[in-house]
Asker: 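Structure in structure tokens, see below.
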Amino acid sequence: MSATHPHDLECLTIEQLEKIAADRMDKQTRDYYNEGADSGSTLAENRSAYQKYRIRPRVLRDVSKIDTSVDIFGFKNTIPMGVAPTAMQKLAHQDGELATARACREAGIVMGLSSFSTTSLEDVKGVLGAEQPGVLQLYLFEDREESRGLIARAKKAGFSAVALTVDTPMLGRRNLEMKNQFRLPRHLKSANFDRGGKEDGVVAEEKGDEASKRTRDRGDSRAGYHDGARWVSPTGRITFHSHGPNPTLNWERDIDWLKQQCHPEMEVWVKGIATGEDAILACHHGVDGIIVSNHGGRQLNGALATLDALPEVVDAVRSMNRKMPVHVDGGIRHGTDVFKALALGADFVWIGRPVLWGLAYKGQEGVRLCLKLLSDEFRLCMGLAGVTRVDEIGKEYLAKINRDGFVSKL
Ligand SMILES: Cc1cc2nc3c(=O)[nH]c(=O)nc-3n(C[C@H](O)[C@H](O)[C@H](O)COP(=O)(O)O)c2cc1C
Ligand SMILES: CCCCC(=O)C(=O)O
């Protein structure tokens, strides 16, 4: 964007943003951000699933006044879209999560913050301010005390909700992450678990001068290694590889525990639902909302694209007596994608990688651009489809293209 033109003429779509960002990231970061698990087929299908649907626009409806806003956590969000929690944003830009928070605040858009952010949750909420809702994504650790502390801090800082990630009982197989032996560079830290710089990725190299660097280069186990599922470190420090995945999580014990910790100040959401069965369990266990997600194709490759899983989840929730919001993420790259997800029954969508690409492009300015592109496209889509309010978007606005090319109404 320049003083003379409201658009960034170098970057008019999220696809262009993706390309520009790819050139600006180092290989480690680009691979970590962009890859999916295994062959990447679920990652690809999250995007291509949107191509199976077409919009059935209605005309002559006076669309001169369009309201794209929705209510979320008592806040008037400018568009039914939020920023999904993604770890380690300082890899993309030195301002990291602060830049994202500033852009969200400017745009009036809710922000999700990863447990493994490179900025502390207090600093991020400080930027968002009292009005703007924040959602803390939670990895519930086997070490419950650590999680209890984090939840208490989120409550104190004024987060509106925690979103418990449930699709990571184990870490998905990410081949480039393993090949690159990816971990957080020494100058960055997992800020929510910072204990004076004593964390993995820092210690081995920092304390360790040349001698421990040589040790590490030799692959000595004292310095740790990435075995494909976790970073195996003898130091026992908290890293996303060592503590993120938790195979012990279960509905009975953990959801009730979490509700006790969070309610009534913070809502409890579950992120990573992919079936109608689990949506019903979520209802039974009294969570406040669910996010249909496959972690951006980074966990179980071969899982359904989230847009394909969405209808069964929506049907399951509608079959229950309780009104529980259903959100979705994964592969959303156009305003029309937001429209399609809502038409299939989602109340709200979240975007992950496009924000990271915006950060890599221009920090806060780049995230602002990313949010603006999608917001502008969504508004235009509503107008061209003949809709002036978000709650009017329903399945009558969609048709599905079957594999053989036939079009069917939903
Ligand atoms: C680099 C990266 C890091 C992520 N980190 C987290 C995380 O810390 N916690 C989490 O629940 N999800 C995490 N996610 C998943 C996102 O929240 C979201 O589900 C996904 O990115 C949505 O798909 P999209 O990138 O296609 O928009 C991460 C995704 C990416 C790409
Ligand atoms: C346990 C994984 C933490 C970071 C993350 O969610 C991701 O890289 O996808």
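Whatever order the structure lists ligands and atoms in, that order sets their numbers, starting from 1. Quick caveat, the model's predicted, so the values are computed rather than measured.
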Asker: Is Gln137 touching ligand 1 with its side chain, its backbone, both, or neither, if touching means heavy atoms under 4.0 Å apart?
Answerer: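 Side chain only.
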Asker: Please check whether Gly331 reaches ligand 1 - meaning an N/O of the residue sits under 3.5 Å from an N/O of the ligand, judged on distance alone.
Answerer: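 Yes, since at least one N or O of Gly331 sits under 3.5 Å from an N or O of ligand 1.
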Asker: Which ligand 1 atoms are under 4.0 Å away from a heavy-atom of Tyr32?
Answerer: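 Atoms satisfying the 4.0 Å criterion: 1 (C), 3 (C).
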Asker: For the atom pair CG (Leu91) and CG (Leu359), what is the distance rounded to the nearest 0.5 Å?
Answerer: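 Here the interatomic distance stands at 10.5 Å.
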Asker: Ligand 1 and Trp350, any nitrogen or oxygen pair closer than 3.5 angstrom?
Answerer: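 Between Trp350 and ligand 1 (N or O atoms, distance only) the closest approach is not under 3.5 Å.
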Asker: Would you mind telling me which of Val314, Thr306, Asp308 makes a side-chain contact (heavy atoms from CB on, under 4.5 Å) with Leu310?
Answerer: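 Output: one option passes, namely Val314.
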Asker: Number the atoms of ligand 1 from 1 as they appear, then name those within less than 4.0 Å of a heavy atom of Asp329, with their elements.
Answerer: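 So the atoms of ligand 1 that pass are 18 (C), 19 (O), 22 (C).
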Asker: Return the closest protein heavy atom for atom 27 (O) of ligand 1 as residue, atom name and distance.
Answerer: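 Looking at atom 27 (O) of ligand 1, the protein heavy atom closest to it is Gly352 N, 2.9 Å.
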Asker: Does ligand 1 have a heavy atom under 4.0 Å from the side chain of Leu356, from its backbone, from both, or from neither?
Answerer: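 Side chain only.
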Asker: CG/Asp347 to CD1/Ile291 distance, rounded to the nearest 0.5 angstrom?
Answerer: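 Result: 11.5 Å between the selected atoms.
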Asker: Start with the C-alpha distance between Trp269 and His327, add both sets of side-chain angles, then the distance that settles ring pair (Phe, Tyr, Trp, His ring centres under 6.0 Å), and finish with yes or no.
Answerer: CA-CA 10 Å; Trp269 285 59; His327 293 188; 4.4 Å; yes
Asker: Side chain, backbone, both or neither: which part of Ser293 has a heavy atom under 4.0 Å from ligand 1?
Answerer: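 Under 4.0 Å from ligand 1, Ser293 contributes side-chain atoms alone.
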Asker: How close does the nearest protein non-hydrogen atom get to atom 5 (N) of ligand 1, and which residue and atom is it?
Answerer: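 The answer is Ala87 N, 3.0 Å.
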Asker: Got Ile109 and Ile79 here, is their nearest side-chain heavy-atom distance under 4.5 Å?
Answerer: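 In contact.
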Asker: If you measure from NZ on Lys90 to NZ on Lys189, what distance do you get to the nearest 0.5 Å?
Answerer: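 One gets 7.0 Å once the value is rounded to the nearest 0.5 Å.
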Asker: Looking at ligand 1, does any of its N/O atoms fall within less than 3.5 Å of an N/O of Thr86?
Answerer: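 No: no nitrogen or oxygen of Thr86 is under 3.5 Å from one in ligand 1.
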Asker: Could you pull out, from Tyr139, Phe240, Phe116, the option with a heavy atom nearest to atom 6 (O) of ligand 2?
Answerer: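 Ranked by closest heavy atom to atom 6 (O) of ligand 2, first place is Tyr139.
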Asker: With heavy atoms only and a cut-off of under 4.0 Å, state how Arg298 meets ligand 1: side chain, backbone, both or neither.
Answerer: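 Looking at Arg298 and ligand 1, just side chain atoms fall under 4.0 Å.
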Asker: Looking only at distances, can you tell me whether any N or O atom of Arg333, backbone or side chain, sits closer than 3.5 Å to an N or O atom of ligand 1?
Answerer: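 The answer is yes, given that Arg333 and ligand 1 share an N or O pair closer than 3.5 Å.
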Asker: Can you see whether Tyr32 has Arg298 sitting over its ring - NZ or CZ less than 6.0 Å from the centre and within 45° of the normal?
Answerer: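 Yes, cation above the ring, under 6.0 Å and within 45°.
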Asker: Among all protein heavy atoms, pick the one closest to atom 9 (O) of ligand 2 and tell me residue, atom and distance.
Answerer: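 Heavy-atom neighbour on the protein nearest atom 9 (O) of ligand 2: Arg298 NE, 2.7 Å.
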Asker: Contact between Val124 and Ser117 at the side-chain level, heavy atoms closer than 4.5 Å - yes or no?
Answerer: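 A side-chain contact under 4.5 Å is absent here.
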Asker: Relative to the heavy atoms of His295, which atoms of ligand 2 are at a distance of less than 4.0 Å?
Answerer: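 Here the atoms of ligand 2 in question are 5 (C), 6 (O), 7 (C), 9 (O).
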Asker: Would you say the side chain of Val390 lies within less than 4.5 Å of the side chain of Leu342, judging by non-hydrogen atoms?
Answerer: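 Yes, at least one pair of side-chain atoms sits under 4.5 Å.
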Asker: Looking at side-chain heavy atoms only, is the closest gap between Asp167 and Ser293 below 4.5 Å?
Answerer: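 A side-chain contact under 4.5 Å exists here.
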Asker: Working to the nearest 0.5 angstrom, can you tell me the gap between Met111 CE and Leu136 CG?
Answerer: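 So the CE of Met111 and the CG of Leu136 are separated by 10.5 Å.
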Asker: With heavy-atom distances below 4.0 Å as the criterion, list the atoms of ligand 1 near Gly330.
Answerer: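 Those atoms are 22 (C), 23 (O), 26 (O).
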Asker: Give yes or no for whether the N/O distance cutoff of 3.5 Å, strictly under, is met between Thr165 and ligand 1.
Answerer: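 There is such a contact, yes.
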Asker: Does any N or O atom in Pro85 lie less than 3.5 angstrom from one in ligand 1, N or O only?
Answerer: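 Yes; the residue has a nitrogen or oxygen that sits under 3.5 Å from a nitrogen or oxygen of the ligand.
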Asker: Please state which part of Tyr139 comes within less than 4.0 Å of ligand 1, counting heavy atoms only: side chain, backbone, both or neither.
Answerer: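 Looking at Tyr139 and ligand 1, just side chain atoms fall under 4.0 Å.
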Asker: For ligand 1, note which part of Lys271 has a heavy atom under 4.0 Å away: side chain, backbone, both or neither.
Answerer: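 For Lys271, the contact with ligand 1 is made by the side chain alone.
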Asker: Between Arg333 and Asp337, does a salt bridge (Lys or Arg N to Asp or Glu O under 4.0 Å) hold up when you go through it step by step?
Answerer: CA-CA 7 Å; Arg333 305 291 182 261; Asp337 297 341; over 6 Å; no
Asker: For ligand 2, which atoms have a heavy atom of Leu171 less than 4.0 angstrom away?
Answerer: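 By the 4.0 Å cutoff, the relevant atoms are 1 (C), 2 (C).
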Asker: To which protein heavy atom is atom 1 (C) of ligand 1 closest, and what is the distance rounded to 0.1 Å?
Answerer: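 Heavy-atom neighbour on the protein nearest atom 1 (C) of ligand 1: Tyr33 CD2, 3.4 Å.
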Asker: For ligand 2, which atoms sit closer than 4.0 Å to a heavy atom of Tyr32?
Answerer: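 Answer for ligand 2: 4 (C), 5 (C), 7 (C), 8 (O).
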Asker: For atom 8 (O) of ligand 1, which candidate among Pro354, Gly244, Ser114 provides the closest heavy atom?
Answerer: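 Closest candidate by heavy-atom distance is Ser114.
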Asker: Nearest 0.5 Å, please: how far is CE in Met382 from CD1 in Ile55?
Answerer: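 With rounding to 0.5 Å, CD1 (Ile55) is 11.5 Å from CE (Met382).
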Asker: Report the part of Phe116 in contact with ligand 1, treating N, CA, C, O as backbone and CB onward as side chain, heavy atoms under 4.0 Å; options are side chain, backbone, both, neither.
Answerer: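 For Phe116, no heavy atom sits under 4.0 Å from ligand 1.
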Asker: Which atom pair, heavy atoms only, marks the closest approach of Ile255 to Leu164?
Answerer: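 Smallest interatomic distance, heavy atoms only, reads CD1-CD2, 3.8 Å.
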Asker: Is it true that atom CD of Glu265 has more than 12 heavy atoms of other residues, nucleotides or ligands lying nearer than 6.0 Å?
Answerer: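 Correct, the count exceeds 12.
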Asker: Taking atom CZ of Arg148 and atom CG of Leu258, what is their separation to the nearest 0.5 Å?
Answerer: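 Answer rounded to 0.5 Å: 11.5 Å.
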Asker: With a 4.0 Å cut-off on heavy atoms, is Thr168 touching ligand 2?
Answerer: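 Checking ligand 2 against Thr168, which is what was asked, there is no heavy-atom contact under 4.0 Å.
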Asker: Under 4.0 Å from a heavy atom of Arg174: which atoms of ligand 2 are those, numbered in the order shown and with their elements?
Answerer: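 Answer, ordered by atom number: 7 (C), 8 (O), 9 (O).
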